[in-house]
There are 2 protein chains.
Amino acid sequence: MAENGTGMPPGHGGESLLFLTDDQLRRGIEAMFFAYRGFTADPDRILAEHAYGRAHHRALHFVHRSPGTTVNNLLNILGVTKQSLNRVLRTLIEDGLVSSKVGVKDRRERHLFLTDAGKELEKVLSEAQRKRMRAAYREAGPEAVAGFRKVLLEIMDPEMRKHFDQLKDSM
Amino acid sequence: MAENGTGMPPGHGGESLLFLTDDQLRRGIEAMFFAYRGFTADPDRILAEHAYGRAHHRALHFVHRSPGTTVNNLLNILGVTKQSLNRVLRTLIEDGLVSSKVGVKDRRERHLFLTDAGKELEKVLSEAQRKRMRAAYREAGPEAVAGFRKVLLEIMDPEMRKHFDQLKDSM
DNA sequence: CTTGGAAAGTCAACAAGGCTGACATAAACT
DNA sequence: AGTTTATGTCAGCCTTGTTGACTTTCCAAG
């Protein structure tokens, strides 16, 4: 036992592989768990006031991010079934936060946009979330932030990484 | 408009606050979202084979981490209601993965332990999760990992941070 | 010693948000 | 004309969260 997870005996590897020990990895896993709770806490509180959930927030975020995106594209980004997404999208459309427009080139497709009310809520939600991230970034400093981003990129599934990189273009 | 989120006009602040722009923060938020999906993907697959969910994984993790912990302590760490936790705990106990022992000092309390079967499953789950984290850490390098941990700490709610730090002691 | 209250468990009911399967429609492609 | 694709919708199921009400056990303070 006393497995260090590096596949090498402890004490070997001159480049100091101590950050790859099982204990260090376990701490990172726990940090991700606790941090994600904080990450979603502020938007969750606001959403609850509007009788919405995290699923609505995600839809608002990505429609805001890629105005005119199709339902299918959103499906791939969010990684849920169309039935799940549709339920959320339908309420957002009914409530006048999202508008759905038939495609011009391919009229089977629906292109999604935020209405003014949708932009309003998205802004409130994202500003609450950014506020916490901004404070965290400021405390941690630019180099820590660079490392943070670097590790997160590596944790992603390749397909999710692809979506993440594609969003970059429209920034 | 063109709000940069720093509360300062763009171009000011000699210490390069570019990493605090709203766009940078938004990228960080998206990275967290996509990365968390990857973070949970491997355990989720294994759990599905056993007809368990993420809630079972969390319970197994923290009971493993703090053997003999009480239900109440677990409640605080996980941040759910006792009814939610109880449902999960009950199935784990019925399935012989967790054992619950009446406290000696305070006999109202139940102290939770993993059985051999519970330790087995916890190991499979955590090794799957660590495998991905290990690869990510290795790719990103020790300095990035330090930054990653630093930012995650800052994102946590103070109360969650407290729990996180308390776990450290028993490591 | 009695009683108040904390810790834990249980039952019931409900909601969000995942899932599958089946089916409809419209439009594009071959 | 027939097939595939994009979308929407209905029905039903599961997990995991919630609230509220109630019981049992048992420590501890009056």
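All chains are named by letter (A, B, ...) in the order of the sequence lines, taking the proteins before the strands, and each is independently numbered beginning at 1.
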- [ ] Would you kindly give the NE2-to-C1' distance between His50(A) and dA16(C), to the nearest whole Å?
- [x] 17 Å

- [ ] Rounded off to whole Å, could you give me the CG-to-P distance for the Leu75(B) and dT16(D) pair?
- [x] 16 Å

Open item on the list: Quick check on ring pair (Phe, Tyr, Trp, His ring centres under 6.0 Å): which of Phe39(A), Phe33(A), Tyr36(A) does Tyr36(B) satisfy it with?
Closed with: Tyr36(A)

Open item on the list: Tell me whether Arg110(B) contacts the main-chain N or O of Arg108(B) through its side chain, where contact means a donor paired with an acceptor under 3.5 Å.
Closed with: yes

- [ ] Give the B/S/- string for nucleotides 25-30 of chain D, one per nucleotide from 5' to 3', where a protein heavy atom under 4.0 Å of the base yields B, of only the sugar-phosphate yields S, and otherwise -.
- [x] BBS---

Task: Gap separating the CD atom of Gln129(A) from the CZ atom of Arg26(B), nearest 0.5 angstrom - done: 9.5 Å

Open item on the list: Rounded to whole Å, how long is the line connecting atom CG of Leu112(B) with atom P of dA7(C)?
Closed with: 15 Å

- [ ] Give the rounded distance in Å between these two atoms: CG of Leu74(B) and C1' of dA8(C).
- [x] 13 Å

- [ ] For residues Ile77(A) and Arg37(B), report the shortest heavy-atom separation together with the two atoms involved.
- [x] O-NH1, 3.3 Å

Task: Six-ring centre of Phe164(B), Arg27(A) cation under 6.0 angstrom, axis tolerance 45° - done: yes

Open item on the list: More than 12 heavy atoms of other residues, nucleotides or ligands under 6.0 Å from CD of Gln83(A): yes or no?
Closed with: yes

Open item on the list: In this structure, how many angstroms lie between the C1' atom of dA16(C) and the CG atom of Leu92(A), rounded?
Closed with: 14 Å

Task: Spacing between Leu85(B) atom CG and dG9(C) atom P, to the nearest angstrom - done: 9 Å

- [ ] For the pair Arg58(A) (side chain) and Leu78(A) (backbone), establish whether a donor and an acceptor sit closer than 3.5 Å, ignoring hydrogens and angles.
- [x] no

Open item on the list: In terms of relative ring orientation, are His56(A) and Tyr52(A) parallel, tilted or perpendicular, with 30° and 60° separating the classes?
Closed with: tilted

TODO: May I ask you to list the residues of residues 51-64 of chain A, by number, that have any heavy atom positioned under 4.0 Å from an atom of DNA chain C?
DONE: Gly53(A), Arg54(A), Ala55(A), His56(A), Arg58(A)

TODO: Would you indicate which nucleotide in dT9(D), dA8(C), dT10(C) comes nearest to any side-chain atom of Asn72(B)?
DONE: dA8(C)

TODO: Let me see the working for Arg130(B) and Glu127(B) under salt bridge (charged side-chain N to carboxylate O under 4.0 Å, His left out), right down to the final yes or no.
DONE: CA-CA 5 Å; Arg130(B) 276 199 300 274; Glu127(B) 290 214 332; 3.7 Å; yes

Task: Length of the line joining Leu47(B):CG and dC14(D):P, which is rounded to integer Å - done: 18 Å

Task: base_contact_polar (dG18(C) base, Arg87(A) side chain, donor-acceptor, <3.5 Å) - done: yes

TODO: Determine: side-chain N/O of Asn86(A) to OP1/OP2 of dT7(D), distance under 4.0 Å, yes or no.
DONE: no

Report each atom pair, protein N/O against N/O of nucleotides 20-25 of chain C, whose distance is under 3.5 angstrom.
from: dG21(C); atom 1: O6; to: Gln83(A); atom 2: NE2; distance (Å): 2.8

Open item on the list: Can a donor-acceptor pair be found, under 3.5 Å and without considering hydrogens, that links the side chain of Ser66(B) to the backbone of Val63(B)?
Closed with: no

TODO: Send over the distance from Ile93(B) CD1 to dG9(C) P, rounded to a whole Å.
DONE: 7 Å

TODO: Check the pair Ile155(B) / Met133(A) against side-chain contact (heavy atoms from CB on, under 4.5 Å), numbers first and verdict last.
DONE: CA-CA 7 Å; Ile155(B) 295 174; Met133(A) 293 297 278; 3.7 Å; yes

